[in-house]
Amino acid sequence: GAVVSQHPSWVICKSGTSVKIECRSLDFQATTMFWYRQFPKQSLMLMATSNEGSKATYEQGVEKDKFLINHASLTLSTLTVTSAHPEDSSFYICSARDSGLDQPQHFGDGTRLSIL
Amino acid sequence: AQSVTQPDIHITVSEGASLELRCNYSYGATPYLFWYVQSPGQGLQLLLKYFSGDTLVQGIKGFEAEFKRSQSSFNLRKPSVHWSDAAEYFCAVVTMDSNYQLIWGAGTKLIIKP
């Protein structure tokens with residue numbers, strides 16, 4: 001089956017630093033990748049949608065300059081949390097989907113980000 | 001606007017008992033329907049999906065779901081649960097109007113009693 005690798009799985013860092021999270025589709029080409037944030041005991045909140053080679057489309061209320069998304073190839077997207085602060089601590093999950101409305105999203109295992 | 005409702009926040013089931021998790025959607029046409037499972041601290045795994053055709057779909061880990069157009073429902077079932085099924089289950093839809101995005105239910109936490 002389709003595999004999405006997300007890396008790292010856990011990050012702890014100081015306030016003010018930037019953190020990069022990688023999302024790779026290992027055995028298929030991901031035309032579209034999604035980045036989600038999940039708060040404890042809640043469903044996923046879509047942050048942005050990115051198509052390979054284009055700028056990401058951010059959801060309302062998500063700061064573009066804070067959460068930089070790059071989808072440079074059909075198998076890799078990155079999310080960089082810039083100048084992270086404790087309120088950015090969360091569980092971030094990526095997903096990847098091949099072209100076609102009927103293609104399911106395949107999810108990475110998530111990244112637990114803790115900002116001290 | 002499209003929406004997905006999972007009416008049960010928690011469900012507790014004895015090991016070996018049958019399970020049904022409810023999911024209803026609001027949309028004028030038939031969406032693409034999905035069930036995902038999330039174990040604690042992990043990403044989501046696709047259990048099954050419905051696009052068209054046979055309304056009873058089989059998924060992984062012994063799960064199945066039935067699409068009922070008249071009830072706008074896509075309930076997930078398993079005849080006999082195992083302790084390893086304890087997790088959070090999310091129902092989601094994709095529609096022509098959602099621009100390829102998944103619209104999520106709030107999730108149902110499944111607790112297994114020994």
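Throughout, a chain's letter reflects where its sequence line sits, starting with A, and its residues are numbered from 1.
Rounding to the nearest 0.5 Å gives a distance of 9.0 Å between CZ of Phe107(A) and CG of Leu46(B). Rounded to the nearest 0.5 angstrom, Leu44(A) CG and Phe90(B) CZ are separated by 6.0 Å.
Using a 4.5 Å cut-off between heavy atoms, Gln38(B) touches chain A through its side chain atoms alone. In this structure, the portions of Leu44(B) lying under 4.5 Å from any heavy atom of chain A include both its backbone and its side chain. Neither the backbone nor the side chain of Gln6(A) comes within contact range of chain B, judged by heavy atoms closer than 4.5 Å.
Nearest approach of Gly41(B) to Arg112(A), heavy atoms of both residues: CA-NH2, 4.4 Å.
Tyr92(A) and Met45(A) fall within the same hydrophobic cluster, defined by Ile, Leu, Val, Met, Phe, Trp and Tyr side-chain heavy atoms under 4.5 Å apart, directly or through other members. In the hydrophobic cluster analysis, where Ile, Leu, Val, Met, Phe, Trp and Tyr join through side-chain heavy atoms closer than 4.5 angstrom, Ile21(A) is grouped together with Val62(A). Under the 4.5 Å side-chain contact rule for hydrophobic residues, Ile93(A) and Val81(A) do not share a cluster. Hydrophobic clustering keeps Leu56(B) apart from Trp35(B) (ILVMFWY residues linked when any side-chain heavy atoms are closer than 4.5 Å, directly or through intermediates). Using a 4.5 Å cut-off between side-chain heavy atoms of Ile, Leu, Val, Met, Phe, Trp and Tyr, with links allowed through other members, Phe28(A) and Met33(A) fall into different hydrophobic clusters.
The main-chain N or O of Gly105(B) is found under 3.5 Å from a side-chain atom of Ser43(A) such that the two form a donor-acceptor pair. Tyr36(B) places a side-chain N or O within 3.5 Å of a backbone atom of Gln105(A) that can act as its donor or acceptor partner.
Using a 4.5 Å cut-off on side-chain heavy atoms (C-beta onward), Gln101(B) and Glu59(A) make contact.
At most 12 heavy atoms of other shown residues, nucleotides or ligands fall within 6.0 angstrom of atom NZ in Lys55(A). Remark: Ile9(B) CD1 is loosely packed, at most 12 non-hydrogen atoms of other residues, nucleotides or ligands lying under 6.0 Å away.
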